Amino acid sequence: MIGAMIAAFCAAAVLAIVARYPRIAPRDLPNERSLHDAPVPRAGGWAIWAGWFVATAWLVTSLPPGFSESSYATLRVAIVALFAISLLDDFRGVAAGWRLAMQAACACGVAATLVPLDAGHAVQFAAIAFVLVAAANFYNFMDGSDGLAGAMTVIGFSALAAGAALDRTEAFRPLLMLAVATLPFLWRNLPRARVFLGDAGSVPLGFLAAAASVAGVLAGTWPAWFPLLVFLPFVADAGVTLARRALRHERVWEPHRSHYYQRLVRLGAGHRGTLAAYGALMLGCGVTAVLCLAWRPGAGPHALAAWIAAIALLFAGIDYHGRQRA
């Protein structure tokens with residue numbers, strides 16, 4: 001309880017400072033690819049990471065599932081490094097190659113603490129590093145509409161914490177602290193958003209979500225379907241959109257407005273309608289994942305398939321209405 005209060009207080013304090021002195025933060029300026037019409041500070045990540053790092057400093061004996069003290073220390077260093085280069089990108093821009101190189105280095109560093117560095121684990125090592133980098137970028141891609149990234153963070157990390165709590169250990173606490181530290185940001189990020197995450201928030205968040213998910217799978221805390229179902233709305237939107245753009249030979253690293261959530265906003269749902277639709281998916285996926293893990297783990301793959309079908313129907317509807325409007 002004390003840790004949660006510390007996380008929320010520190011995050012709220014940072015946001016209050018940014019609200020009082022908005023010029024200290026980089027600003028998201030409207031352009032032809034954005035979904036907003038006014039400049040908004042990009043400092044939500046500052047608040048979340050301040051709250052989480054301060055709160056978890058008190059949890060020295062609480063490690064997320066699958067992490068040792070050394071691997072957890074490596075993870076925290078990686079988050080700081082990703083925060084630093086992403087913050088620089090928020091302020092003045094960093095070439096995509098340099099950002100990707102830093103992400104890959106951090107991913108390899110964390111992967112090396114989770115699996116042995118030998119020939120027998122080479123494929124597993126490469127797969128883990130790839131997932132970490134992909135998740136960091138997927139989270140960044142999905143941070144474009146009011147409330148989406150904040151809601152996914154609160155719901156997703158709360159679900160991971162609930163899954164870890166089923167082991168009746170203290171491993172859930174760092175994950176829960178992240179969800180709690182996000183609450184003040186989510187309140188200010190709801191439509192109409194007064195602050196955005198920024199790359200310094202979204203990139204490390206995606207990295208941490210993937211690292212915690214993979215480590216939990218390796219430790220046997222949960223099967224692979226569990227974190228995939230928890231974060232399915234983000235994985236599906238970002239993954240399908242990226243695949244479609246690649247098939248059209250577009251430059252996938254450049255900003256665009258072809259994500260399904262972006263198209264839903266522009267089709268008339270607006271930020272509130274889009275948050276309602278995606279929020280329902282996030283909550284449904286998260287609750288289903290926790291219930292299956294707690295009572296019927298064998299039903300998890302079937303639940304995952306059912307939610308994939310539901311999201312596919314939403315995407316098909318967006319495609320259909322997009323063609324009608326065109």
Side-chain angles (χ1 to χ4, degrees), residues 45-46 48-57 59-90 94-141 143 153 156-157 160 164 171 173-175 177-178 181 197-222 224 227-228 230-231 234-235 238 253:
W46 304 5
I48 293 172
W49 294 118
W52 187 72
F53 271 99
V54 173
T56 53
L59 307 176
V60 292
T61 60
S62 300
L63 305 177
F67 283 95
S68 64
E69 290 187 8
S70 61
S71 60
Y72 187 44
T74 302
L75 173 65
R76 291 167 72 89
V77 170
I79 290 172
V80 171
L82 291 174
F83 176 88
I85 193 169
S86 300
L87 182 63
L88 182 61
D89 189 39
D90 283 335
V94 176
W98 287 108
R99 287 184 277 121
L100 186 61
M102 175 64 80
Q103 293 166 11
C106 291
C108 289
V110 172
T113 68
L114 298 178
V115 295
L117 283 175
D118 55 45
H121 293 85
V123 174
Q124 191 178 27
F125 175 90
I128 292 172
F130 174 80
V131 168
L132 297 182
V133 173
N137 286 283
F138 277 16
Y139 228 90
N140 189 29
F141 296 161
D143 179 31
T153 303
F157 280 92
L160 292 185
R173 296 179 71 184
L175 302 173
M177 292 306 100
L178 197 286
L197 269 180
D199 288 5
S202 59
V203 171
L205 277 175
F207 190 91
L208 176 57
S213 298
V214 169
V217 171
L218 295 175
T221 304
W222 45 61
L228 180 57
V230 167
F231 292 100
F234 267 28
V235 174
W253 58 88

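Predicted model only: the values in this text are computed from it and were never measured.
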side-chain hydrogen bond (donor to acceptor under 3.5 Å, both in side chains) between S71 and S68, intermediate numbers included: CA-CA 5 Å; S71 60; S68 64; 3.1 Å; yes
query: Sequence neighbours excluded, which residues qualify as salt bridge (Lys or Arg N to Asp or Glu O under 4.0 Å) partners of D143?
result: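 D143 satisfies salt bridge (Lys or Arg N to Asp or Glu O under 4.0 Å) with no other residue.
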Considering only heavy atoms from C-beta outward, does the side chain of [X] approach that of [Y] to under 4.5 Å?
X: S213; Y: F231; value: yes
X: L175; Y: P65; value: yes
X: V203; Y: N137; value: no
X: L218; Y: Q124; value: yes
X: L208; Y: F157; value: yes

task: Classify the ring geometry between F141 and F138 as parallel (under 30°), tilted (30 to 60°) or perpendicular (over 60°).
output: tilted
Working for side chain to side chain contact (heavy atoms under 4.5 Å, CB included), residues V80 and W49: CA-CA 9 Å; V80 171; W49 294 118; over 6 Å; no
Using modelled atom types and a 3.5 Å cut-off, is there a donor and acceptor pairing between side-chain atoms of [X] and backbone atoms of [Y]?
X: W222; Y: L160; result: no
X: W52; Y: P174; result: yes
X: R99; Y: V94; result: yes

Spacing of [X] atom [atom1] and [Y] atom [atom2] [to the nearest 0.5 Å]:
X: M102; Y: D89; atom1: CE; atom2: CG; value: 12.0 Å
X: F207; Y: S202; atom1: CZ; atom2: OG; value: 14.0 Å
X: D199; Y: L82; atom1: CG; atom2: CG; value: 11.0 Å

- prompt: Given the rule in the side chain to side chain contact (heavy atoms under 4.5 Å, CB included) test, do L87 and W46 qualify, once you have shown the distances and angles that lead to the verdict?
  reply: CA-CA 9 Å; L87 182 63; W46 304 5; 3.2 Å; yes
Residues in ring-ring contact (aromatic ring centres under 6.0 Å, His included) contact with F234, at least two apart in sequence or another chain: Y139
Nearest heavy-atom neighbours spanning V133 and A107: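 Answer, listing the atom of V133 first, then A107: CG2-CB, 3.7 Å.
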field: Heavy-atom closest pair, residues A212 and F67
entry: CA-CE1, 4.1 Å
message: As a quick check of understanding, evaluate side chain to side chain contact (heavy atoms under 4.5 Å, CB included) for N140 and L205, giving each step before the final call.
response: CA-CA 9 Å; N140 189 29; L205 277 175; over 6 Å; no
Table please: side-chain donor-acceptor pairs of residues 109-117 below 3.5 Å, with sequence neighbours left out.
residue : atom : partner : partner atom : Å
T113    : OG1  : V110    : O            : 2.6

message: Any donor-acceptor pair under 3.5 Å linking the side-chain atoms of T56 with those of R76?
response: yes
